[in-house]
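First the structure, which I've put down as structure tokens, then a few questions once you've had a look.
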Amino acid sequence: MAKKTHRGEKIGEEIRRIIGELLLRELRGPGFEGMITVSHVKAADDGSFATVYFTTLDEDDAAAAAAFEKAKGFIRSEIGGRMGLRHAPDLRFKPDATEQYGRHIDEILSGLDIPKDEGPQGRVAPLPEIADLLGAYDHVLAFTHTHMDGDTLGSAVALALALREVGKEAWVVVSEEVPHSIEFITYGAVCTGQEAAEAVAGWEDAPYLSILMDFSNVDRLENEGRASLYAGAEETVCLDHHVTALPEADLNYVDTAAAATAEIVYSLIEAAGLPLTEKIATALYVGVVTDTGRFQYASTTPATHRIAAVLLEAGAAVQQSYEEIYQNVKAEKLLVERAMLDTLEFFADGRGALAWVTSEVLASLGAGEDETDGMSEKMRGIIGVEASVFLRELPDGKIKASMRSKDKVDVAAVAAGFGGGGHVRAAGFTTEMPMPEAVAKVRGCLEEALHAD
Ligand SMILES: [Mn+2]
């Protein structure tokens, strides 16, 4: 027994040293700007997992935790490589809350005299504070993320409509055409960046609030017009439920336990005392239904169902939602499916499934972005398949990969290794590797993850 305990301690100390080195040299970008110290690492004796306790000087623990989470795949591969482990421990990152470390930090601070409030990062805010903030503005812009889905649109439309109910001016600013399956929830609240700019000009310098809905990385605003509209606000807010969130807004509310941002917006509407009309309920319902795969993903919680129940009571158009979203399939979608099935392959004894499609094939089928949705879910649905990945070539030649898993593989960790992110059961990334290389690399990483479980 004593020997085993010793082993966990040794592994933990080695991991602490490696991450310390990575923090000095390799780990860069949002969340890693401040001074982060790994105080200690608690590793399981069998080396299967380890909890990394860290402290931050600027007390922005959430940003650091998100940054660590995002870099987890990379950190694990470094640990595996440097320690010669076939399977690096699964990692969890936690802020170190011990008093002892608080004192240590005070010592460091007094010695270094570093200003506390520095850097571009915003801060994490509780929902009631954001509810209060809504009350302070008469003008609000909510931004959807690129590759729009039912959650980003439903959440943004719901909040805009709720604010309009109490006499405020609110718009949902989109960067692309609304997918036809969710067009029915635009309810006259959606506009382009150009139209929003005209609206803002009409507000004659009145301060407005910008909200990132269902994403936290401002890069996903994509076009210039939207980026400057967002930045032109008096204050910015981010509402999101993704693990890989980079809190870039002034005030950030990120709840990774929420199955959809629509759940967060529901709570926000409630906290702000805003009304819940039939249209608002429908928009939120669409967000919840689409992000939970019709209440079937592991992210679905009792709270998800309770919120759905309230939305139904408020008159959400359930039947219409399902018809519009799921019984509205373009023929092109089936043609893409056929092309996808042509490349379908299994690996890791049938526990992994992979398929890909080139932009040339997509163009010849007249298929757009919408028509490639759901392919990795389809593959995950196959008997015996634990993890699936669908890769498609974008018109600019980049490769976009979408991964899904049943209940064993953390695909967010795999995606992080490629600079992407997402949820444990649904994640993705974009890469500039050519298709054959991307296919080989992601197959290799998934094979390793499948062997490790
Ligand atoms: Mn979402």
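Atoms within a ligand are numbered from 1 in the order they appear, just like the ligands themselves. Hydrogens, waters and symmetry mates play no part in the numbers below; they use all other heavy atoms, side chains included.
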Salt bridge check: are Lys408 and Glu386 linked by an N-O gap of less than 4.0 Å?
->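 Yes, charged N to carboxylate O under 4.0 Å.
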Pair Phe93 and Phe54, ring centroids less than 6.0 Å apart |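 For Phe93 and Phe54, the ring centres are not under 6.0 Å apart.
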Partner residues of Tyr208 under the ring pair (Phe, Tyr, Trp, His ring centres under 6.0 Å) criterion, sequence neighbours left out =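 By the ring pair (Phe, Tyr, Trp, His ring centres under 6.0 Å) rule, Tyr208 matches Trp203.
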If a pair satisfies ring-ring contact (aromatic ring centres under 6.0 Å, His included) and one of its residues is in residues 219-240, list it, with sequence neighbours excluded.
->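 For residues 219-240, and leaving out neighbouring residues, the ring-ring contact (aromatic ring centres under 6.0 Å, His included) pairs sorted by first residue read Phe143-Tyr230.
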Short N/O/S contact of Asp240 with the Mn ion (ligand 1) (below 2.8 Å) =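 No, outside the cut-off.
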Looking at the Mn ion (ligand 1), is one of the N, O or S atoms of Asp149 less than 2.8 Å from it?
->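 Of the N, O and S atoms in Asp149, none lies under 2.8 Å from the Mn ion (ligand 1), which means no.
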Do you know which N/O/S atom name in Asp214 is closest to the Mn ion (ligand 1)?
->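 Checking each N, O and S atom of Asp214, the shortest distance to the Mn ion (ligand 1) belongs to OD1.
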Please confirm if an N, O or S atom belonging to His241, backbone or side chain, lies less than 2.8 Å from the Mn ion (ligand 1).
->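 Checking His241: at least one N, O or S atom is under 2.8 Å.
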Identity of the N, O or S atom of Asp151 lying closest to the Mn ion (ligand 1) |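 This residue's closest N, O or S atom turns out to be OD2.
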Step-by-step side chain to side chain contact (heavy atoms under 4.5 Å, CB included) determination, Tyr253 to Leu268 | CA-CA 10 Å; Tyr253 183 83; Leu268 179 61; over 6 Å; no
Can you name the N/O/S atom of Asp291 that is nearest the Mn ion (ligand 1)?
->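 Minimum-distance N/O/S atom of Asp291 relative to the Mn ion (ligand 1) is OD2.
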